[in-house]
Chemist: 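Just passing along the structure, written as structure tokens.
On a predicted model such as this, the values are computed, not experimentally measured, just so you know.
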Amino acid sequence: MELNVAKMIIPAGGIMVLPFLTLITFLFWPGAMLKVYNWFIRRRMGLVVSYSYSGSYRFCYSSRGTPGGATPSLLMLHGFSASKDMWLPFLKFLPKNLHLVCVDMPGHEGTSRTSVEDYSIQGQVARIHQFVQSIGLDKRPFHLVGISMGGNVAGVYAACYPAHLSSVSLMCPAGLDYPTDSEFITHLKELELSQKEEAIALIPTTVQELKNMLRLSCHMPLNLHRQVLQGFLDNRLPNNSFYKEVLREICGETSRYSLQENMHRITAPLQVIWGKEDQLLDVSGAGVLQAAQPSCRVELLDNCGHSVTVERPRKCAKLVMDFLYTHEVNGEDAKKRS
């Protein structure tokens, strides 16, 4: 009898302790809580975190499914100072049978941090190609998706390695000479002229600066709890010196207009998705891409800013899948005609 009672009390005690520990972690270690939350979401969505190597260089990535289906594999490249987990809201609305791969960009999260040569756009393109080869993604054409900095890398990758791609989706990509300066580009130009060591909008050091960054990134306010904001900040602060290195490289002379200089060489079917209210990279960039690639499909999202996969994840997923399906059907028709 006593043993049975003990067996009942121990699980009950565990159930009571768990919420208490969760609350304590949220209050005192919000950054750790956010990492646990992402782990839980990845697990629930069937994503597995893995590592691959090219020599001594390590890539960290999450994936779901297996290659070889009717639809091409999807490789996703995140933006500046983000990680593979930034795609989680978007992945939620993609079919479960797709083969998905989300990689941490060079130096970000679990991927090796080396030298500034790897952080230029051409350096990142070379590393991403190593990653593609290291996991065998180059065995059949895949669909490449890139957002912001990752969109710049994806566009240049498409220009350099056309044979590896079935199609490309660029979401508000960097690397263009925008006809209209966004609020952020104006801010960068002012910093460049003044040559002062002032706060950079995308590298916050306080909760208020983080709020300002989110305001620039999203058209609709996120209204996050202060502890959640603190958690985001806690996880970013140790990487701020690295983020400054990367920003210097991607804004430098050799990388600033990388996509602009290479967009005419893209031969794969191209899709461009952009939020009309983007304050980081102005939506006028979509017209620049369309002028160079008249056959590209341009999708402009109303009431949406730069973070299209956060603000409109369902819509973005549908647009990408419709684009994939269209080219899949066209490809089959072409085969039948031949």
Side-chain angles (χ1 to χ4, degrees), residues 41-50 52 59 61-78 84-104 125 128-147 150-151 153-171 173 265-273 289 293 295-299 301 308-309 312-338:
I41 296 299
R42 285 197 304 265
R43 186 177 178 85
R44 191 172 70 175
M45 293 174 62
L47 290 160
V48 177
V49 174
S50 307
S52 69
F59 297 96
Y61 65 101
S62 59
S63 63
R64 183 177 74 192
T66 54
T71 306
S73 299
L74 269 68
L75 173 60
M76 280 157 278
L77 310 182
H78 65 73
K84 59 188 175 297
D85 289 334
M86 70 141 285
W87 295 105
L88 292 176
F90 171 75
L91 301 185
K92 178 182 176 183
F93 297 103
L94 293 180
K96 298 292 189 292
N97 61 338
L98 281 182
H99 178 226
L100 310 170
V101 181
C102 306
V103 63
D104 284 328
V125 168
I128 292 302
H129 188 54
Q130 288 178 345
F131 171 70
V132 165
Q133 293 176 312
S134 73
I135 64 169
L137 202 57
D138 57 337
K139 289 182 168 47
R140 70 192 286 260
F142 61 90
H143 180 72
L144 184 59
V145 184
I147 186 167
V153 175
V156 177
Y157 186 97
C160 294
Y161 303 102
H164 293 307
L165 301 181
S166 61
S167 46
V168 188
S169 293
L170 303 182
M171 299 178 176
R265 298 169 52 206
I266 299 174
T267 56
L270 176 64
Q271 177 185 46
V272 177
I273 300 173
L289 284 164
Q293 294 281 341
S295 63
C296 79
R297 182 184 293 186
V298 175
E299 314 279 5
L301 305 182
V308 292
T309 57
R312 303 290 296 280
R314 186 194 296 270
K315 180 66 173 179
C316 285
K318 184 180 186 306
L319 290 174
V320 169
M321 290 312 302
D322 287 349
F323 182 67
L324 280 175
Y325 178 70
T326 299
H327 288 285
E328 189 179 311
V329 170
N330 290 345
E332 288 299 316
D333 289 346
K335 287 179 185 176
K336 287 176 184 177
R337 288 194 296 271
S338 63

Chemist: Do L74 and L94 have side chains that approach each other closer than 4.5 Å (heavy atoms only, starting at C-beta)?
Modeler: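 Result yes, sub-4.5 Å side-chain heavy-atom pair found.
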Chemist: For the atom pair OH (Y157) and NE2 (H164), what is the distance rounded to the nearest 0.5 Å?
Modeler: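 Result: 5.0 Å between the selected atoms.
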Chemist: Using a 6.0 Å cut-off, check whether atom CZ of R140 has over 12 heavy atoms from anything other than its own residue.
Modeler: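 Above 12, so yes.
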Chemist: Output, in order, the C-alpha distance, side-chain angles, deciding distance and verdict of side chain to side chain contact (heavy atoms under 4.5 Å, CB included) for R312 and I273.
Modeler: CA-CA 11 Å; R312 303 290 296 280; I273 300 173; over 6 Å; no
Chemist: Drop me the distance from R64's CZ to L100's CG, to the nearest 0.5 angstrom.
Modeler: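 Separation between the atoms: 5.0 Å.
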Chemist: Taking the side chain as C-beta and beyond, is there a heavy-atom pair between C102 and L88 under 4.5 Å?
Modeler: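 Sidechains of L88 and C102: no contact.
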Chemist: Tell me, with the steps shown, if R297 and T326 meet side chain to side chain contact (heavy atoms under 4.5 Å, CB included).
Modeler: CA-CA 11 Å; R297 182 184 293 186; T326 299; 3.4 Å; yes
Chemist: Once you measure the plane-to-plane angle for F131 and Y61, does it fall in the parallel (<30°), tilted (30-60°) or perpendicular (>60°) bin?
Modeler: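 Plane angle over 60°, so perpendicular.
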Chemist: If you compare all heavy atoms of P269 against all heavy atoms of S166, which two are closest, and at what distance to 0.1 Å?
Modeler: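 Where P269 meets S166 most closely, the heavy atoms are CD-O, 3.2 Å.
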Chemist: Can you name the nearest heavy-atom pair linking R42 to V49, along with the distance?
Modeler: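 Taking every non-hydrogen atom into account, NE-CG2, 3.3 Å.
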Chemist: When rounded to the nearest 0.5 angstrom, what distance separates CD1 in I41 from CZ in R43?
Modeler: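 Interatomic distance, I41 CD1 to R43 CZ, rounded to 0.5 Å: 12.5 Å.
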Chemist: What is the distance from atom OG1 of T309 to atom CE of M171, rounded to the nearest 0.5 Å?
Modeler: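 If we round to the nearest 0.5 Å, T309:OG1 and M171:CE are 6.5 Å apart.
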Chemist: Measure the CG-NE2 distance between D85 and H78 for me, rounded to the nearest 0.5 Å.
Modeler: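 Between D85 CG and H78 NE2, I get 9.5 Å after rounding to 0.5 Å.
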Chemist: What are the two closest heavy atoms between C316 and F90, and how far apart are they?
Modeler: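 Looking at all heavy atoms of both residues, the closest pair is C-CE1, 3.6 Å.
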Chemist: Would you mind reporting whether L98 and M321 have side-chain heavy atoms less than 4.5 Å apart?
Modeler: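 The answer is yes; the side chains approach within 4.5 Å.
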Chemist: Of the non-hydrogen atoms in S73 and H99, which two are nearest, and what is the gap between them?
Modeler: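 Heavy atoms only, the tightest pair is OG-ND1, 2.7 Å.
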Chemist: Could you please spell out the steps behind the side chain to side chain contact (heavy atoms under 4.5 Å, CB included) verdict for L165 and I266?
Modeler: CA-CA 10 Å; L165 301 181; I266 299 174; over 6 Å; no
Chemist: Is L289 close to P173 at the side-chain level, that is, under 4.5 Å between some pair of heavy atoms?
Modeler: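 Yes. Closest side-chain heavy atoms under 4.5 Å.
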Chemist: I need the minimum non-hydrogen distance between P72 and F142, along with the two atoms involved.
Modeler: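 Here P72 and F142 meet closest at CB-CA, 4.1 Å.
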Chemist: Within the 3.5 Å criterion, strictly below it, is a donor on H143 or S169 matched to an acceptor on the partner's side chain?
Modeler: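 On atom types as modelled, these side chains qualify, holding a pair under 3.5 Å.
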Chemist: K92: what forms a side-chain hydrogen bond (donor to acceptor under 3.5 Å, both in side chains) with it, not counting sequence neighbours?
Modeler: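 Partners of K92 under the side-chain hydrogen bond (donor to acceptor under 3.5 Å, both in side chains) test: none.
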Chemist: Mind checking the CD-NZ spacing from E299 to K318? Nearest 0.5 Å is all I need.
Modeler: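 Here the interatomic distance stands at 9.0 Å.
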Chemist: What are the two closest heavy atoms between S167 and A268, and how far apart are they?
Modeler: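 It is CA-CB, 4.1 Å.
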Chemist: Under the criterion side chain to side chain contact (heavy atoms under 4.5 Å, CB included), which of V168, L319, L324, V145 is the partner of Q271?
Modeler: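 Only match with Q271 under side chain to side chain contact (heavy atoms under 4.5 Å, CB included): L319.
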